[in-house]
Amino acid sequence: MIKGTFPIEQFQRVQTPFYYYDTDLLRDTLRAINKETERHEGFSVHYAVKANANPKVLNVICQAGLGADCVSGGEIEAALKAGFPSNKIVYAGVGKSDWEINLGIDKDIFCFNVESISELEVIDELAGKRGKVANVCFRINPNVGAHTHANITTGLAENKFGIAMNDMEDVIHESAKMKNVRFIGLHFHIGSQILDMGDFEALCNRINNLQDQLERHRIKVENINVGGGLGISYGHPNHLPIPDFKAYFDTYAKKLRLRHGQKLHFELGRAVVAQCGSLITKVLYVKTGAFKQFAIVDAGMTDLIRPALYNAYHRIENISSDEPEEAYDVVGPICESSDVFGKAIDLNKCHRGDLIALRSAGAYGEIMASQYNCRKLPIGYIKEEL
């Protein structure tokens, strides 16, 4: 097994389980993003904070010049604390509460991505009470499917997200009657962990048709926000540590018919942080069953829920051993049968105390951790700390 390079001596001094973030790889990833977006005029990337809100990780991303895509008031607060300028923060979500909307208005964020007419009315009312005008983009549900897990598709008509295409013009006209909101664009997002560029091409085609429709009614759009969704290679984190940003951004540059002066916004999360993060855990026991053997580790679904929630795959490596490989079910200590990271995984022979790395866990790992079974939340360390 070709394994990643980790500072094992430093790991042995840290209480497991914990998250480790390779900030060298994170910075390389951010440079790759900036290199590709700089080739295209008007492209702007907002980091999707929901993927990972570790303050030290956010700070590195902020320093690279990205904006922030938030889906809660707490994420807005975390982005501001990390140094993201308020005029580069976008705020989406189907259930924005009053305090969250007020926070966005008070901080003069770039825009609200609005998902219903009722939400628009509340934003107009709350902005009016503060004597302000809030920028809004309308999240349109494009009814475009994506080749990904059913739980992380967001662009189908059956999903809870966004405004139906048939209602798009009516909502835009309603906003024009309101004194305290300003319509500045359209927002879309079709899902996550997408590797087929054809899915993004389909979104481009849908947006092109919608723009043509709006222009026939003399409605101009300043900003187009296509969300994120670009996936990573969970199977090959060592060989493919950085996603194919060139193919991703080129797809939009070639297939989306932007109008003169129009800005194009992206909301990448997983593609930015997933590969730089690993969950480091320790083998507690090696248990031999009737038909298999188990590597029982001290991390569980409370620390990384994705395998239990989505049946998600993470490459698993024994970074302490170079002995011949054996097959193990890698399981945690939680009192749930679903507390399994992988079955029949080939690992270098495991012993009590060996360190195990669950790779590509920088996105939707630490941020989704819980305290079920009264367990402590895992700590996240960046490379410079160890």
Side-chain angles (χ1 to χ4, degrees), residues 1-26 28-29 52 193 231-243 270 273-288 292-308 310-334 339-366 368-369 378-383 385-386:
M1 175 185 287
I2 299 175
K3 295 187 282 191
T5 302
F6 294 98
I8 297 177
E9 289 186 6
Q10 290 92 319
F11 283 1
Q12 290 171 339
R13 297 194 293 265
V14 181
Q15 178 68 46
T16 54
F18 64 90
Y19 277 91
Y20 169 72
Y21 300 110
D22 183 343
T23 42
D24 290 341
L25 177 55
L26 176 57
D28 287 345
T29 303
N52 188 319
Q193 186 50 22
I232 64 155
S233 174
Y234 280 97
H236 303 283
N238 300 318
H239 297 296
L240 299 170
I242 297 178
R270 184 195 312 264
V273 294
Q275 296 288 49
C276 80
S278 297
L279 175 61
I280 308 300
T281 181
K282 187 175 291 184
V283 176
L284 296 174
Y285 308 102
V286 177
K287 175 181 174 180
T288 301
K292 61 175 65 177
Q293 58 182 349
F294 300 87
I296 303 172
V297 298
D298 61 1
M301 60 188 288
T302 52
D303 306 292
L304 179 63
I305 197 173
R306 297 184 71 254
Y310 303 134
N311 196 29
Y313 170 83
H314 288 268
R315 181 182 173 90
I316 304 174
E317 300 172 355
N318 183 344
I319 60 176
S320 296
S321 173
D322 289 320
E323 295 183 54
E325 292 181 353
E326 297 181 359
Y328 299 88
D329 281 15
V330 182
V331 302
I334 309 303
D339 187 31
V340 178
F341 291 123
K343 294 184 177 181
I345 304 297
D346 289 331
L347 296 175
N348 297 97
K349 185 174 177 64
C350 293
H351 306 272
R352 173 174 166 82
D354 281 355
L355 292 173
I356 303 293
L358 286 89
R359 303 293 304 280
S360 310
Y364 309 108
E366 181 185 356
M368 295 180 76
I379 296 174
Y381 297 97
I382 61 173
K383 185 174 185 178
E385 293 179 294
L386 298 176

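When a residue number appears, it is its place in the shown sequence, counting from 1.
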Residues that D329 engages under salt bridge (charged side-chain N to carboxylate O under 4.0 Å, His left out), provided they are two or more places apart:
K292
Distance from C276 atom SG to N52 atom CG, nearest 0.5 Å?
7.0 Å
Could you tell me if E366 and Y21 have a donor-acceptor pair between their side chains, going purely by distance under 3.5 Å?
yes
Which residues share a side-chain contact (heavy atoms from CB on, under 4.5 Å) with L240, sequence neighbours left out
S233, H236
Is there a side-chain contact between V331 and D339 (heavy atoms, below 4.5 Å)?
no
Check whether any side-chain heavy atom of V283 lies under 4.5 Å from a side-chain heavy atom of H351, and answer yes or no.
no
Residue pair P378 / Y19: nearest heavy atoms and the distance that separates them:
CG-CE1, 3.8 Å
Within the structure provided, determine whether R306 and Y234 are in side-chain contact (heavy-atom separation under 4.5 Å).
yes
Smallest heavy-atom separation, N238 atom then K3 atom, equals ND2-C, 3.7 Å
What heavy-atom pair brings T23 and I382 nearest, and what distance separates the two atoms?
CG2-CB, 3.7 Å
If you compare all heavy atoms of A361 against all heavy atoms of L358, which two are closest, and at what distance to 0.1 Å?
CB-O, 3.7 Å
Are Q275 and D28 packed together at the side-chain level, in the sense that at least one heavy-atom pair is separated by less than 4.5 angstrom?
no
Those residues that, when tested against F11, pass ring pair (Phe, Tyr, Trp, His ring centres under 6.0 Å) (two or more places apart)
F6, F18, Y20
Between atom NZ of K383 and atom CD of Q10, what is the distance when rounded to the nearest 0.5 Å?
10.0 Å
Distance in Å, I316 CD1 paired with I345 CD1, rounded so as to fall on 0.5 Å steps
4.5 Å
Going by salt bridge (charged side-chain N to carboxylate O under 4.0 Å, His left out), name the pairs with one or both residues in residues 296-305, residues two or more places apart or in two chains.
D303-R375
Considering all heavy atoms, the nearest V297-T281 contact:
CB-OG1, 3.4 Å
When rounded to the nearest 0.5 angstrom, what distance separates CZ in F341 from NE2 in H314?
9.0 Å
Of all heavy-atom pairs linking L25 and P241, the shortest is CD1-CB, 3.9 Å
May I have all residue pairs that pass salt bridge (charged side-chain N to carboxylate O under 4.0 Å, His left out) and include part of residues 348-361, sequence neighbours excluded?
E317-R359, E326-K349
Between S321 (side chain only) and E323 (backbone N and O only), is there a donor and an acceptor less than 3.5 Å apart?
yes
Holding to ring pair (Phe, Tyr, Trp, His ring centres under 6.0 Å), I want the full list of residues that pass it with Y328, two or more places apart in sequence or in another chain.
none
Tell me whether the count of non-hydrogen atoms from other residues, nucleotides or ligands lying under 6.0 Å of CD1 in I379 goes above 12.
no
With rounding to the nearest 0.5 angstrom, report the CG to CD1 distance, N348 to I356.
9.0 Å
Could you measure the distance from the OG1 atom of T5 to the CG atom of D24? Nearest 0.5 Å is fine.
11.5 Å
